[in-house]
Amino acid sequence: MGRVDKPHGLRGEVVVTLTSNRPERAQVGAVLFAGDSALRIESATPFGKRWVMRLAGVDTRQQADALRGVVLYGEPLEDDDAWWVHDLVGCAVEDEDGRRLGRVEAVLPNPASDLLELDTGGLVPLRFVVSRRPGWLVVSVPEGLLDPPAG
């Protein structure tokens, strides 16, 4: 969901890169988790493509520096239309003809479209998923996308 990049200033603020597209993740009062520690957002200001945040209990540059590189997570959100990474990983992937293409090992962030990383080594843009059901994804991929490299 995000990562603390570095301290910002002397009063404990941090620069955070969020990988979530959900605006409520950066709202004042939202709670982010760093392992077992809950960090409530006291302020959040856009900073280019990142955020400058003040987190409750982080009041000094030294405390902020201790968070450098820490991965942040949020509570699961209730949204029946959302596609959560933990729901996609492990899914079998097939094309529209029923040909098995592999199993999702990871979802990789990518500016144009997040990528499904398959156990076969293939990468399928998430926007090519045409249907899903528990444990299965059906994709419509351009011909040659998953062919092994020539060489």
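Put simply, the residue from L108, V107, L123 that forms a side chain to side chain contact (heavy atoms under 4.5 Å, CB included) with L116 is V107. Among the candidates V141, V93, L115, L137, the single residue satisfying the side chain to side chain contact (heavy atoms under 4.5 Å, CB included) test with F128 is V141.
Looking at residues two or more places apart in sequence or on another chain, you find a side-chain hydrogen bond (donor to acceptor under 3.5 Å, both in side chains) between S140 and E96. By the side-chain contact (heavy atoms from CB on, under 4.5 Å) test, V28 pairs with no residue at all, sequence neighbours left out. Annotation: side-chain hydrogen bond (donor to acceptor under 3.5 Å, both in side chains) contacts of R54 (sequence neighbours excluded): none. In this structure, the side-chain contact (heavy atoms from CB on, under 4.5 Å) partners of A44, at least two apart in sequence or on a different chain, are I41, W51, M53.
Grouping the Ile, Leu, Val, Met, Phe, Trp and Tyr side chains by contacts below 4.5 angstrom, directly or via other members, places V14 with V70. When hydrophobic clusters are built by joining Ile, Leu, Val, Met, Phe, Trp and Tyr residues whose side-chain heavy atoms come closer than 4.5 Å, directly or via intermediates, V52 is not grouped with V16. Grouping the Ile, Leu, Val, Met, Phe, Trp and Tyr side chains by contacts below 4.5 angstrom, directly or via other members, places V124 with V89.
Of all the heavy atoms in G12 and V58, the pair that sits closest is O-CG1, 3.2 Å. Of all the heavy atoms in R61 and P7, the pair that sits closest is NH1-CB, 3.8 Å. Heavy-atom minimum distance, A30 versus R25: CB-O, 4.0 Å. Between L39 and A34, the shortest heavy-atom distance links the atoms CD1-CB, 4.0 Å. Residue G102 comes nearest to T120 through the heavy atom pair CA-CG2, 4.1 Å, listed as atom of the first residue, atom of the second, then distance.
Distance alone, capped at 3.5 Å, is enough to place a donor-acceptor pair between the S113 side chain and the R127 backbone. When atom types are taken as modelled, the side chain of T17 and the backbone of R3 share no donor-acceptor pair closer than 3.5 angstrom. When atom types are taken as modelled, the side chain of D97 and the backbone of R99 share no donor-acceptor pair closer than 3.5 angstrom. Side-chain atoms of R103 come within 3.5 Å of backbone N or O of G90 as a donor-acceptor pair.
To the nearest 0.5 Å, atom CG of residue L55 and atom OG of residue S37 are 11.0 Å apart. In this structure, CZ in R50 is found 5.5 Å from NZ in K6, a value given to the nearest 0.5 Å. Note that the CD atom of Q62 and the CG atom of L67 stand 12.0 Å from one another [nearest 0.5 Å]. N110 contributes atom CG, which lies 10.5 Å from atom CG of L126 (distance to the nearest 0.5 angstrom).
When side chains are defined from C-beta on, V138 does not count as touching D95, because their heavy atoms never get closer than 4.5 Å. Annotation: side chain of D114 is not in contact with side chain of V85 (no heavy-atom distance under 4.5 Å).
Contacts classified as ring pair (Phe, Tyr, Trp, His ring centres under 6.0 Å) and involving residues 6-36 (residues at least two apart or in different chains) are given here: H8-F47. For the ring pair (Phe, Tyr, Trp, His ring centres under 6.0 Å) condition, no pair includes a residue of residues 89-111, sequence neighbours left out.
Other residues, nucleotides and ligands place more than 12 heavy atoms under 6.0 Å from the CZ atom of R68.
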With side-chain contact (heavy atoms from CB on, under 4.5 Å) as the test, would you mind laying out the steps for L118 and V104 before giving the verdict?
CA-CA 5 Å; L118 305 183; V104 178; 4.1 Å; yes
